[in-house]
Structures are given as C-alpha cells and as structure tokens.
Colleague: 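Before we start, here is the structure in question, set down as structure tokens.
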Amino acid sequence: MAIEIEKPRVSLSKVALSETHGEDSPYFAGWKAYDENPYDELNNPSGVIQMGLAENQLAANSGRSSTSSFRENALFQDYHGLQSFRKAMASFMEQIRGGRAKFDPDRIVITAGATAANELLTFILADPGDALLIPTPYYPGFDRDLRWRTGVNIIPVHCQSSNNFEISPQALEAAYNEAESKNIKVKGLLITNPSNPLGATIKRSNLQKILKFVTCKNIHLISDEIYSGSSFSCDEFVSISQILAEQNYKDSERVHVVYSLSKDLGLPGFRVGTIYSYNDDVVRTARRMSSFTLISSQTQQLLASMLSDKRFTENYIRVNRERLKKRYEMIIDGLRNAGISCLNGNAGLFCWMNLSSLLLEPTMECELELWKLILYEVRLNISPGSSCHCLEPGWFRVCFANMNEKTLEIALSRIHDFMDRMRKVKISLQ
Amino acid sequence: MDQLLSKIAINDGHGENSAFFDGWKAYDSDPYHPTQNPDGVIQMGLAENQLSFDFVEEWVRNNPKASICTEQGANDFRDIAIFQDYHGFPEFRNAVARFMEKVRGNRVRFDPDRIVMSGGATGAQETLAFCLADPGEALLVPTPYYPANDRDLTWRTGIKLLPVICESSNNFKITSSALESAYNKAQESNIKVKGLLLNNPSNPLGTVLDKQTLTESLNFTNNKNIHLICDEIYSATVFSKPDFISIAEIIEENPNCNRELIHIVYSLSKDLGFPGFRVGIIYSYNDSVTNCARKMSSFGLVSTQTQHLIASMLSDEVFLDRFIVESSKRLGNRHSVLVKELARVGIESLKSNAGLYCWMDLRRLLKEFTFEAEMELWRVIVNEVKLNVSPGSSFHCSEPGWFRVCFANMDDETLMVALKRIHKFVIQSKGINVVNEVPNSRKQYRRNNKLEINLSFRRLDGIMMEPHKMSPHSPMSSPLVRART
C-alpha cells in the first residue's frame, strides 16, 4: 500500500491570495449564468439575455490597411507609442468634445486598456494604505483595478436618488472626513464622466465644484471619460478638460484623464487605453510604467490610420450618438410601458433602472433576491446596484447596446410580462 | 505637487538612471547611417532579432486573412474586436503551445489551458513576482543578468532581487555552492527567499543551461520549497550545439519534483522578432498561479488583432519549420562572423550558441581591474569608437571587463563597419597602457562604486520628441524607452 506524502504547499503572495480580484461579486455570477445558458434567436430562444455587458456593437466598424512595413511595425516597442497614433487619438478626443478642448499628443501615455490605465495611475498617485474617493454607484471593476495589486483603498462618496445621484460637495466632504477619522490619507478623487452605471453626464456646475474641492484638499482628480463619445449629443457632455481650458489650465497639474476605445468605438479586444495627464511628472512616470502594458504596435498602426481619417471619425461619432440615443429611447419607452422608471440618462450604453418598488424591504438582501429572480426566471442578466456600491437598494444597470433590436424587443417583452406577474402577485397579496 | 506622488513614482525603481542608458543617449544623438551619417554610433546594445523578417513578411503577404485590415480578413473584424475574454482565443493559445513544443523538438507537451497572456515578458515577470512574493521578500537571480529585471520584478511589487554570483573562471556556470551561498546570505539578513529566476538561454551570456545545472536548480528549489521561474524567451535562438533543454523536459525526468513550484516565462519578442506586438506568456504548472496570473492579465492582455495574426501564423507548421531552421542558420552565421573577427584582433568572447549577442571579454583592455576602468573603457567605445555596447556592470556582473555586443539588429554591411572600427580601436589601443594578464582571482581587483551618471529626464524626453536622423538599419529610436532591450 503506497503511502502518500503530501507535498508542502508553497505559499503565494498576499496579493495572490486575496479576494480583491473581485470575481466573487454577483456582477460576475450573472455572467456565469449567461455563459451556461446564453440566448440565441434560433438555438436557444429561452436563454439568458446578456444585459450586463456595457459594449457598443451598434455602430459599424471598418478596418484600414496599414501603410508602414510589417517589419518596422513589429519592431516598434517604444513606450512613447507611435506618434501617428498619439496624434490621431488626440484629435479624436478633441472631436468628441466638439473642439472645445485641445489635447497635446505628447501628453498621451498608452496602456493596454483603461483597466491598466486606472491601475497605473493609482500606483503613481497613492501609496499602499492610502485612499481614492469614488462616488457611488460606481463600476464594479474599480474594486479590483484600483485596489488589488496597489494596496490602495476606496472610500465611497455616497450619492442619493433624491438629487439624481449627483455628486454634491457635502458628500465629498463627508467621505473625506470619514477617511480622516480613520487616519487614511486621501490622495485623489476618481470620477467617471459620463457615469457608469448611471448613464448620465456630470453637470458643468458640479464639475466646477469638484475641481474646487480637489484643489482645496490638494489632492488629485482622475476623470475616467471612457464613455465621452457615447453621450447622446455633443453638447450634453462637458469634459474636465474643457473646464481647465476655460480657466487657462490653472491648477491643472492635479488632473488626469483616462480614455479608451473599448466603449466609444466598440473595440474592447484591442486593448487601447490612454492616460492624459496635465502633470509632467505623472506623464513621465506613467510612460515608464506603461512598459508593463503597452498597446500592440499592430493595433496602434491600425488605429492611427482609422482615427486620422477625420471624415470617418466625424461621421462615426455622429452616427454612434444617434443610434445610442434611439436605442436608449426604445428601452426607456419599453420600460415605462412596463411600469418601470429609470434615472434620466443622456449617455452611455445602459440605463439605471429603479425597481425599488418591487422590494419587500428596502434591503440589499431583497435586492439580490429580486436580482436572482430576474436572472433565473426572467432570464435577463442585469447588474444589481449593490455590486456598484449603491447605497439605496432596488436600482439596476441595464445594458442595451450589446444586442440587436429584435433581441431588445424580446428582453422588453420579458420584462413586461414579469412586471405583469409581479403586479398580480401584489394584488393577490393585498 | 511632487510630494503628492507615490513613493513608487518618485523612487528610482524605473531603472533609467543606470549608466546603461548613457549609451542609448549617445546613439540617439548621433545614429549611424551608411550614407548620411557614416561616422555615427552603431547600435550594438539592442538585443533584437531582425535577420529573418523577409520570411515573415512573405507569410503575411500570402495570408491576407490573418489580418483584419484586408479585404479577405475584414469580415472577422467585429468578432475579433469585441472579444475581451482574458482566457484569450483558444486558437491563439493552441498555436502558442504548439510553437513552444516545436521549439523544444516536440520532446514535451504544453497544455493550452495553462497559457496565460501578459504585456510582453516584461508584464509576465512582474505578474509572476506579484503572485509569488510579498514586498520585502526576494528572488535569487544568477549574475550577470538582464538589466531590466530590476525594474520588471521589483519596481511596483516591492520585492528584492538577490544575486547568485557566477564567475568567469568556470564560464559563469551556476554552481550549487553559489546557489547555497546566496540563499544563506539572505537567511542571515533575515530576507525570505521565495524563488530562483533562471534565464535559459541566458541574456547576456548567450549560453544554454546544461542538464546538470537545470537538475541541480530544480533540486535546490524543491529542497528549499521555493519557486523556480524559467525565462525561456530566447529558446528559438539556439544556433548550434548543445541543444536547448527546457525546464519542461527536466521536470518530466524528475517525476517526484513538486511541479507547483515551476513557472515558465515566454514571449515572441526575440524568437520571432515581434517586440512591438507585446505577446508575453506565463506558463505555470501551478493551478493557483495560473488562475491568479490570468486574472492579472486583465492589466496586460494581448490585442485580439494580434492574437488572431499570431494564431494564424503559428498554426502554419510548414512556415514555422522553415522559419526556425533559417533563423537559427542566420543567427549562427552572424555569430561566427562576429566571433571570428573579434578573435582576429585578440578579443575573446564566451563560447556561446544562442541569443542575439556575444559576451565579449575586454579585460585585457582595462587600465586596471576595476569597474571604474570598465566604465572608462565603455565611454571610449561609445564616444570614440562609436559603438553602443553594454558594460557588464549594468548586468550586475561580478567581474569588470565584460561587455555584451548584439549582432542581430543590423544588416551585414553595418556589422562590417562595426567590426572594422573594433579592429582599428584594438590595434590603436595596443599602444596604450593596458593590463596584459588576466587575473585568476577576484581579489586581484577591487570593485569601486559604480559610477552613476545622472541623466536629465527632461532632456532625454526632449531628445525623444525631436525628429532625428534614424539609421535605416536600426529604425527604432532609443531603446531607453523600449519595454525590453
């Protein structure tokens, strides 16, 4: 009889063993349910429809052939990135902002996606144990991207439905003071504008108050503008870069903008992220750090071509906005017909739906019960507000741009039927 | 606002303050060009494989479907563009696994499900460090080693690298006693060692590890219950005997070893010559590490456009077989030309059979056996002979006088010009006071403090931003800014 000797388990790092990778959240459980039973028009019409995926598949994408030789391109690993690419990115970002802000290509640092950009900035701006303030509700991925390997904390800035989840100076102060009371050093505030999951842009007046707050506390401001090209109209979106331009870049050294092509152009696979900082030290350091996460030169080449075609980009931006707006109106109307209200949105690939009236009690547990019901019985993967750290239970993020119209109609009819059933249940209980 | 950046942002962990980069600066400001700047600096500090691009370019032309930017490939654009699963395309993983097997003569199998992506080998090294060690803990690394290991493994992770000293007296072999000595030194300093990092084939030595060394390393790490990371990034650059032996083969021959301790780093930057595409691979035999590294790969995935191209290219067995053979042949030819011409003027180099460089012995040309003298000689080579070669001290070599000289990043004519310059320099310097005898003991020379040359980064950035003359033979700008040199 063989005796089994247990091999000693060698230890991994605390970083490796921690759960800050965040994959145990319900945000991801929905993915799993979708993966196991994905909707397909012909083969699986009763499968789970994916509405948890903030992806833009609405606008047509076109490829352009590269002009530089394969060899030169394959060899190019300069962490400055292709100049033609940076120029094209800068110009694209300007176009999105209707020319109201200028971007210097030499301030563009390339990263493999906004995921990497956000982590990189966190490494640069904060030490382990320090904190970033983030308004709630926020993108669930931040918990991992900003905290996991950096050791930095997130302190939520709680926003309320009573004022449409706008970021108020009081909420900012409250969060800052909370950090102070715990002896945690706040190094910056990270805002997402347009907001994920709210699907709304931040008002100009609020941006000004935010800038005032960070200046007063002498902390950094990261503005993740990954959905800037997904606002339904050019005028609705005001970028922090515009505010800075208007004040002649006073106090701009503390501001850093994150951008990516994953949402606006629907190219998440290409891993195209950028950091645009008004701070020379941050640009320099970020550039060095980008060695760990550069954009494939092949992809830089393709996008340099694509984005420098101004006719294409202008047309794309316009059409993309129109289609998103139309899709948004379609889902809002459909939800309204089902008796569901949403936050007024004007941007993004999702709407922020209010189902709080369906909760037996205004608790996170009830929200998750409702979420499970919607996932497993209605078979729609939507994201519960609690996974976005929303303080008030009952809100859900519903994506609408990652499917065709027909599928959305089916989703809406499922919701309609579900609400009918819920009303009947309520009536019978009364 | 400077005080408002993190410690990591402010410290020197980025590694660019090392004297190593002064050579790049000299090259950048005065790059060689056969007609426009024949007296310029020739770049010999860049370990890049540029010899076999004609093969690859022919393949790309013949396979338009592999590119999503062509008529034939554009139909796949959308599906490829939206795929962001950090598992990567199965076709990509399969193709990479098969390629790695081929390079090892199909003597081992690689499981495509263990292939994890990273932002180049740079990203792979860092990710493994994050997975295997905590801040303050250490990895042992045999010297001389690739300079950027310091940045890649320690900058953001907070871990330490401790040298395993290898000496010229036995051709820089990694000995058991050197391993033990390094480990014990760490113990005495209360530093917890979490692993050993091997680079096989070696940069900068250009040698492959023999079976005995690999087995001893395996036993050493197993006995201490620490990890063994093998960076096999140069595995397909072997051009003559002895054959390359991968750690993957050693563990098959030692079935009782603890596989959970074994991790391989790979990339396409050297073997195929694609550093721009950022294709880094982690292959771990440990499920927890694979899972963790895969999650971390979110911070450095390979562009799906590139995954698609590589999947196509690496599934073309006929192309690969030809490429591997031809690339080896060309590297071998280059290497023998360089070694022969160096020998003609009495310059020896370490006997090597792999890599994109030679480890040149210039001890006879040192004024004295110090690192100061090495740096002085190096400055002369860069500024007067106009060759950017890399001084051994930047590779943490324990003995002065060794230099790494790259040979695969230029065309034949440029190499000839470089060799002529070396000949001229050596002949001239025989007139100056040089040490004629090579010491046989480390005690015969003292190690002074390495001279640090402070670079003004704004100036460097300024240089980077200016349009400057580029040699068509080294079409890139300063490797200072490369992800990996």
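Here is how names work: the chains are called A, B, and so on, in the same order as the sequence lines, proteins then strands, and each is numbered from 1.
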Colleague: Please determine, among A:A117, A:A126, A:G273, the option with the most heavy-atom pairs under 4.5 Å with chain B.
Modeller: A:A126
Colleague: Given the options A:T285, A:I124, A:T115, which has more heavy-atom pairs under 4.5 Å with chain B than any of the others?
Modeller: A:I124
Colleague: Check B:E57 with A:R71, please: is the shortest side-chain N to carboxylate O separation under 4.0 Å?
Modeller: no
Colleague: Could you check which of A:Q300, A:Q298, A:R271 has the highest count of heavy-atom pairs closer than 4.5 Å to chain B?
Modeller: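 Going by pairs under 4.5 Å, I would pick A:Q298.
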Colleague: Where on B:V302 is there a heavy atom nearer than 4.5 Å to chain A: the side chain, the backbone, both, or neither?
Modeller: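 For B:V302, backbone heavy atoms alone lie under 4.5 Å from chain A.
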Colleague: If I measure from the heavy atoms of chain A, does B:L309 come under 4.5 Å with its side chain, its backbone, both, or neither?
Modeller: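 B:L309 touches chain A through side-chain heavy atoms alone.
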Colleague: Against chain B, work out which of A:T122, A:D127, A:V282, A:V272 has the most heavy-atom pairs shorter than 4.5 Å and name it.
Modeller: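 Option with the top pair count is A:D127.
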Colleague: Given the side-chain rings of A:F292 and B:F299, with only the six-membered ring counted for Trp, is the space between their centroids under 6.0 Å?
Modeller: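 They do not qualify: ring centres at least 6.0 Å apart.
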Colleague: With a 4.5 angstrom heavy-atom cut-off, is it the side chain or the backbone of B:F274 that approaches chain A, or both, or neither?
Modeller: both
Colleague: Looking at B:D76 and B:K65, is any side-chain nitrogen of the basic one under 4.0 Å from a carboxylate oxygen of the acidic one?
Modeller: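 Salt bridge between B:K65 and B:D76, a charged N being under 4.0 Å from a carboxylate O: yes.
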Colleague: Would you please name every residue forming a side-chain hydrogen bond (donor to acceptor under 3.5 Å, both in side chains) with A:T150, sequence neighbours left out?
Modeller: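 A:T150 satisfies side-chain hydrogen bond (donor to acceptor under 3.5 Å, both in side chains) with no other residue.
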Colleague: Heavy atoms only, distances under 4.5 angstrom: which of A:L120, A:L125, A:D130, A:I295 has the most pairs with chain B? Name it, please.
Modeller: A:L125
Colleague: Taking the side chain as everything from C-beta on, heavy atoms only, tell me whether A:T299 gets closer than 4.5 Å to B:T306.
Modeller: yes
Colleague: Does a donor on one side chain sit under 3.5 Å from an acceptor on the other, for B:S303 and A:S296?
Modeller: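 Not at all, the side chains of B:S303 and A:S296 share no donor-acceptor pair under 3.5 Å.
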